[in-house]
Structures are given as structure tokens and as C-alpha cells.
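What's counted below: heavy atoms across the whole structure, side chains too, no hydrogens, waters or symmetry copies. Please read these numbers as outputs of a predicted model, since none were measured by experiment.
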Amino acid sequence: MGIKGGKLKKLIDDFKGEPRIAWYPSAGEDFRALLYLHPNFSQLHPASEQEPQPPDLFLFTDYFPGRNSTFMDNRTIYSDSRTTVHIDHIEELPRLNLPLHNELVHFLEGSTATDRAVFLKIRIDSDKLGSISYPVVYAFAENETFYCNKLVPNKATISHIIHVRYGGGCGGGGNASGVWLLNVLKKLNCELFITDGKHDWQSGDNFALEFCSSIPRQSNSRLSPIRTIHSEGWSGHGDVSWNIVRPV
């Protein structure tokens, strides 16, 4: 992963052991996960039991159909009276060479971002949580195809998965709710699953099972909630819960 001499390659080469990775499928332009998985947030909002160690690296995926989006046109990508999100570093990575499926997405033409990937160093200045920084890999691809063609062949371990407003993306939507993620929690060795609870099976989820044989047909994990925030605190798409992933 990364390019020769690039900062992502240096980050991985310098890392001791395996980085803990938080995956946010259908991330769109939402960087709240960096705040909500930071130790400063945990201190302010303690969980009901010990939660897993925080991630070292975030992985965002979204095929990003928004042709008129100004996302990443400026280094400051979000700012209000309480929070500013700033790109301290951006580095383009090799093309992904991944297809789009009509059964999963609404806009097969994608956008100029689709099928590209970037490494970002994101800094968030928050009036309550202070200044935090995280490395982020953003892959502009279908979540399901990225899982099947990139994560599985590389035997990826994903410590955290964020399932919030799945498929909403940047207005392009999709035909899956992301409920299939429940079936891969054990396969990815996921420890914490953050979700807005939208777990209804849709046509795209069923298609994912058909084209990606590495997705187990049933979930063999159970979720134990340890924290919940109200809908308006994240996406306005339902209350969001932090869940420890346990074996059945």
C-alpha cells in the first residue's frame, strides 16, 4: 500500500506491529468518526464497560458519485463555530481498478474521484475535544467490492467498523443497507461495531452475498452495546450505538 517514498509507506514501515484500522464504509464527507473514536471522547463520555483500544489508522470507502462536490478542493473541508476539519497532507495512491455494479449503486458513471485513492493526514480542532490528528486512507470505491477485492485477499484485520448512514454517501445512495457487515465481523476480527441500527436486508446486500463468496451467509457474532448517542449527535439517521463484538 502506498507509493515509494510516500508518507503512507513510511507510516506503515515505521509502525511497530500491525496498525489498528477503523473502517468507515459509505463515509462520504463525514469525519465525525475520528472524534468519536478518540480517547478524549471516551474520557468525556465513558462507556458502560472497557472499550477496545482506539484505531491507529482510518480507512474510508465510498464510490463518491457527487459530480458537483467541492470535497477536498480546499485544505479546510469543514468549519463551524465548534469544529474545524483540516487536511494537513494529501497524497494520491495508485488506482484501485475496481468495478461498479448496477445492483449496488445508483450512478454507474461515478465521478472524477471514483476508483482513485488518497492518503490524508487529518487534523480536527474541536472546542470540547481539543486538537486531534489521524491518518486516513480514502478509497473511492464500492464498499462491497473493496471488501471482496482488497480486504479479503490481503487478510485484513479491522478492529473497528462504523455503520452510519450506509449507502447515503454524498447523495448517490445505493441499494444496500450494509447489513451484510454483520456477517463479516468475525472474519475481520472486528472488536467494536458502531451502528445506527439500520439492519434491514435490501437487494444490494443480497447481491453482495452472490458476487462475493467470502461473505459468510450468516452472522456468527453478537453485539453488546456500551454507549449510545442521540441521532442528532451524528447523522440524524437514528441513534448510534457502540457495540463490543462477541462470539455467539
Side-chain angles (χ1 to χ4, degrees), residues 1 21-31 33 58-69 71-72 93-118 136-156 158 160-188 190 193-221 234-238 240:
M1 181 181 287
I21 301 173
W23 179 27
Y24 190 176
S26 292
E29 301 178 20
D30 178 21
F31 285 87
F58 281 80
L59 168 65
F60 284 15
T61 56
D62 195 309
Y63 85 108
F64 217 83
R67 288 186 172 275
N68 298 320
S69 173
F71 183 46
M72 295 193 199
L93 303 175
R95 285 273 180 168
L96 298 168
N97 296 316
L98 295 175
L100 296 178
H101 296 86
N102 185 58
E103 295 87 351
L104 292 171
V105 302
H106 290 165
F107 302 103
L108 277 177
E109 66 274 17
S111 71
T112 55
T114 304
D115 205 47
R116 298 166 72 179
V118 292
V136 178
V137 173
Y138 205 129
F140 298 101
E142 284 175 355
N143 309 314
E144 298 81 1
T145 304
F146 190 87
Y147 166 80
C148 197
N149 291 25
K150 299 294 185 181
L151 295 184
V152 172
N154 287 289
K155 299 180 180 178
I158 303 293
H160 303 67
I161 295 179
I162 301 103
H163 171 264
V164 174
R165 210 173 183 90
Y166 188 101
C170 299
N175 300 319
S177 73
V179 64
W180 65 272
L181 289 166
L182 295 173
N183 293 16
V184 304
L185 296 177
K186 182 176 180 181
K187 190 177 183 70
L188 292 173
C190 183
F193 185 64
I194 298 178
T195 180
D196 58 15
K198 302 298 187 289
H199 297 160
D200 53 315
W201 282 90
Q202 298 182 8
S203 61
D205 300 290
N206 291 317
F207 175 76
L209 296 186
E210 293 176 17
F211 94 88
C212 186
S213 61
S214 59
I215 299 176
R217 293 313 184 252
Q218 293 183 329
S219 172
N220 51 8
S221 302
W234 198 318
S235 69
H237 198 55
V240 177

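In terms of heavy-atom proximity, Leu96 sits nearest to Ala139 at CD1-CB, 3.9 Å. Taking both residues in full, the closest heavy atoms of Gly28 and Asp62 are given as N-OD2, 3.0 Å, listed atom of the first, atom of the second, then distance. When all heavy atoms of Pro25 and Ile161 are compared, the pair lying nearest together is CD-CG2, 4.4 Å. The minimum heavy-atom distance linking Ser214 with Cys148 is given by the pair OG-SG, 4.1 Å. Smallest separation of non-hydrogen atoms from Asn143 and Thr61: OD1-OG1, 2.8 Å. Taking each heavy atom of Glu142 and Tyr63 in turn, the nearest pair found is N-CB, 3.9 Å.
How far CG of Asn97 is from CG of Asn149: 10.5 Å, rounded to the nearest 0.5 Å. Within the model, atoms CG of Asp196 and CH2 of Trp234 stand 9.5 Å from one another, a figure rounded to the nearest 0.5 Å. One finds the CD atom of Glu144 at 5.5 Å from the CH2 atom of Trp180 (value rounded to the nearest 0.5 Å). How far CG of Leu182 is from OG of Ser219: 5.5 Å, rounded to the nearest 0.5 Å. In this structure, Phe146 CZ and Leu151 CG are separated by 5.0 Å, a value rounded to the nearest 0.5 Å. Atoms CD and CD1, on Glu210 and Ile215 in that order, are 10.5 Å from each other to the nearest 0.5 Å.
Contact of the Asp115 side chain with the Phe140 side chain is not registered, since no non-hydrogen atoms from C-beta on lie closer than 4.5 Å. Between Tyr166 and Val179 there is no side-chain heavy-atom pair separated by less than 4.5 Å. In this structure, the side chains of His163 and Ile194 stay at 4.5 Å or more apart for every pair of heavy atoms. The closest side-chain heavy-atom distance from Tyr147 to Ile158 is not below 4.5 Å. Residues Tyr24 and Leu59 have side chains not in contact (no heavy-atom distance under 4.5 Å, counting atoms from C-beta outward).
Around NZ of Lys186, the count of heavy atoms belonging to other residues, nucleotides or ligands within 6.0 Å does not exceed 12. Within 6.0 Å of the CD atom in Gln218, the count of heavy atoms belonging to other residues, nucleotides or ligands does not exceed 12.
In this structure a side-chain-to-backbone donor-acceptor pair under 3.5 Å is present from Asn175 to Glu103. Judged by distance alone, the side chain of Asn183 and the main-chain N or O of Pro216 form a donor-acceptor pair under 3.5 Å. Side-chain atoms of Asn206 do not come within 3.5 Å of backbone N or O of Ser203 as any donor-acceptor pair. Ser177 places no side-chain N or O within 3.5 Å of a backbone atom of His199 that could act as its donor or acceptor partner. Checking side-chain atoms of Asn154 against main-chain N and O of Lys150 turns up a donor-acceptor pair under 3.5 Å.
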Evaluation steps, side-chain contact (heavy atoms from CB on, under 4.5 Å), between Leu209 and Trp201: CA-CA 11 Å; Leu209 296 186; Trp201 282 90; 3.8 Å; yes

Trace of the side-chain contact (heavy atoms from CB on, under 4.5 Å) decision for Val137 with Phe58: CA-CA 6 Å; Val137 173; Phe58 281 80; over 6 Å; no

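Taking the ring-ring contact (aromatic ring centres under 6.0 Å, His included) definition, one finds that His237 meets it with nothing, sequence neighbours left out. With sequence neighbours excluded, the residues that form a side chain to side chain contact (heavy atoms under 4.5 Å, CB included) with Ser111 are Phe64, Arg67, Ala113, Thr114.
No option in Phe31, Phe71, Trp23 other than Phe31 meets the ring-ring contact (aromatic ring centres under 6.0 Å, His included) test with Phe60.
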